[in-house]
Amino acid sequence: MVQEVQTPKKAGTTLVDVKGLKVHFPIKGGLLGRTVGHVKAVDGVDLFVRRGETLGLVGESGCGKSTTGRAILQLIKPTAGTVKLDGVELTTLSTGAIRRTRANMQMVFQDPFSSLDPRYTIGQIISEPLENFKRGNAKEIQEHVANLMETVGLNPFYVNRFAHEFSGGQRQRIGIARALALNPSFIVADEPVSALDVSIQAQVLNLLQDLQGKLGLTYLFVAHNLSVVKHISDRVAVMYLGRIVELADSADLYKTPLHPYTQALLSAIPVPDPDVELHRKRIILEGDVPSPVNPPSGCNFHPRCWKAQAICREQIPVLEPKGAGDSHHYAACHFPG
Ligand SMILES: Nc1ncnc2c1ncn2[C@@H]1O[C@H](COP(=O)(O)OP(=O)(O)OP(=O)(O)O)[C@@H](O)[C@H]1O
Ligand code: SF4
Ligand SMILES: [Mg+2]
């Protein structure tokens with residue numbers, strides 16, 4: 001039985017707190033297979049997610065979004081930094097303790113075609129975590145699976161069908177049911193709709209939002225693009241080359257972006273009003289995203305930033321409140337606004 005919780009959606013306390021998170025993948029080279037460098041996929045990420053909210057995590061391909069999500073869930077061992085879930089530091093836990101904690105934090109993957117093994121039935125896929133964690137006898141697990149299928153809008157009648165017999169949207173529902181099986185409080189949804197037909201995307205997004213309301217879930221919702229997360233995120237974090245450059249309430253971020261990179265991303269989104277669209281100023285970013293193997297010094301956005309000054313090449317800007325008043329609008333920029 002999926003437990004419904006009565007906590008108000010915006011209880012406001014921090015559930016996930018990430019500080020200085022780094023994931024540097026070693027690059028092996030030469031005959032001896034020595035480490036010759038590192039891919040700095042995540043290079044000092046600070047963020048927090050409040051209980052019951054959706055934090056959108058947005059950035060271009062390769063900026064480190066998936067690696068951040070995996071490192072928070074301890075699916076990848078962080079190189080440095082701290083990750084607290086409900087006040088418990090995860091990075092120093094033993095393997096056994098992380099395994100137990102994993103029941104409380106789950107991932108929904110981008111591609112429902114490759115993330116579900118086609119040789120297994122839906123029942124086997126959804127019941128696997130319940131069996132691993134010994135959540136009941138065979139009959140109880142069977143009931144639980146049927147209940148989970150109903151929760152995500154799948155008919156339990158199909159429990160013995162194979163994943164490959166289902167459409168993309170239905171497969172993503174199976175992935176969501178599996179993620180919910182152990183009653184987690186925190187879910188990293190890594191581009192959960194980007195592999196689906198546009199017509200199906202809204203249905204899966206609505207399902208995720210309904211489940212959040214019913215079950216009191218907290219989401220880190222990863223997306224490529226600011227327009228995807230606009231309607232579902234309470235707050236949005238913008239990522240560039242391994243770091244968070246801006247973090248704010250959605251309304252603030254879309255209305256008054258403070259970091260030049262966010263301004264450039266927003267300027268690329270078409271506006272429905274033809275008059276506004278006609279006069280919309282687009283910021284065209286020069287050059288490509290630099291390699292995470294050898295990122296630029298200081299603010300790593302400086303080679304592409306039209307506001308860059310000498311200090312930008314020398315000092316890494318700290319992610320700190322930069323908005324008006326006692327704002328919770330954070331930006332990592334020496335010259336925000
Ligand atoms: N296991 C790994 N070993 C080495 N490099 C990796 C590994 N996983 C990811 N990377 C590199 O780390 C960087 C960040 O990758 P990541 O998948 O986190 O980005 P992303 O923002 O999720 O991109 P996308 O939007 O394409 O999914 C990329 O340069 C990627 O090539
Ligand atoms: S710190 Fe400097 S280079 Fe970086 S975004 Fe701000 S103005 Fe641009
Ligand atoms: Mg990714």
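One-based numbering, in listed order, for ligands and for the atoms of each.
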Just verifying a value: how many Å separate R178 CZ and L130 CG, rounded to the nearest 0.5 Å?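 Taking CZ in R178 and CG in L130, the distance rounds to 9.5 Å.
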Notebook entry, point to check: Between OG1 of T35 and NZ of K28, what distance do you get to the nearest 0.5 Å?
Noted result: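 That separation rounds to 3.0 Å.
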- prompt: With a cut-off of 2.8 Å, how many protein N, O or S atoms neighbour the Mg ion (ligand 3)?
  reply: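 Every protein N, O or S atom under 2.8 Å from the Mg ion (ligand 3) counted, the figure is 1.
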- Query: Would the number of heavy atoms belonging to other residues, nucleotides or ligands and lying under 6.0 Å from CG of D288 be above 12?
  - Reply: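 Not buried by this count: 12 neighbours or fewer within 6.0 Å.
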Would you mind reporting whether [Y] and [X] have side-chain heavy atoms less than 4.5 Å apart?
{"X": "I72", "Y": "F186", "result": "yes"}
{"X": "L208", "Y": "T54", "result": "no"}
{"X": "R235", "Y": "L247", "result": "yes"}
{"X": "R173", "Y": "Q203", "result": "yes"}
{"X": "V289", "Y": "L241", "result": "yes"}
{"X": "I125", "Y": "D117", "result": "no"}

Review point. Around atom 8 (Fe) of ligand 2, how many protein N, O or S atoms are there at under 2.8 Å?
Key: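 Total protein N/O/S atoms under 2.8 Å from atom 8 (Fe) of ligand 2: 1.
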After noting the C-alpha distance and the side-chain angles of D86 and S185, does the key distance pass the side-chain contact (heavy atoms from CB on, under 4.5 Å) rule?
-> CA-CA 10 Å; D86 221 354; S185 55; 5.7 Å; no
Heavy-atom contacts with ligand 1 below 4.0 Å: which residues, ordered by chain and residue number?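 Residues F25, V39, A41, E60, S61, G62, C63, G64, K65, S66, T67, E191, H224, P292 each place a heavy atom under 4.0 Å from ligand 1, listed by chain and number.
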- Spell out, as yes or no, whether a donor-acceptor pair under 3.5 Å connects the side chain of K307 to the backbone of G337.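 Side chain of K307 to backbone of G337: a pair is present.
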Practice problem: Using atom types as modelled and distance alone, determine if a side-chain donor or acceptor of R282 lies under 3.5 Å from a backbone N or O of S267. | Solution: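 Checking the backbone N and O of S267 against the side chain of R282, no donor-acceptor pair under 3.5 Å is found.
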ILVMFWY cluster membership beyond F335 - transitive side-chain contacts under 4.5 angstrom:
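Taking Ile, Leu, Val, Met, Phe, Trp and Tyr as members, F335 shares its hydrophobic cluster with I311.
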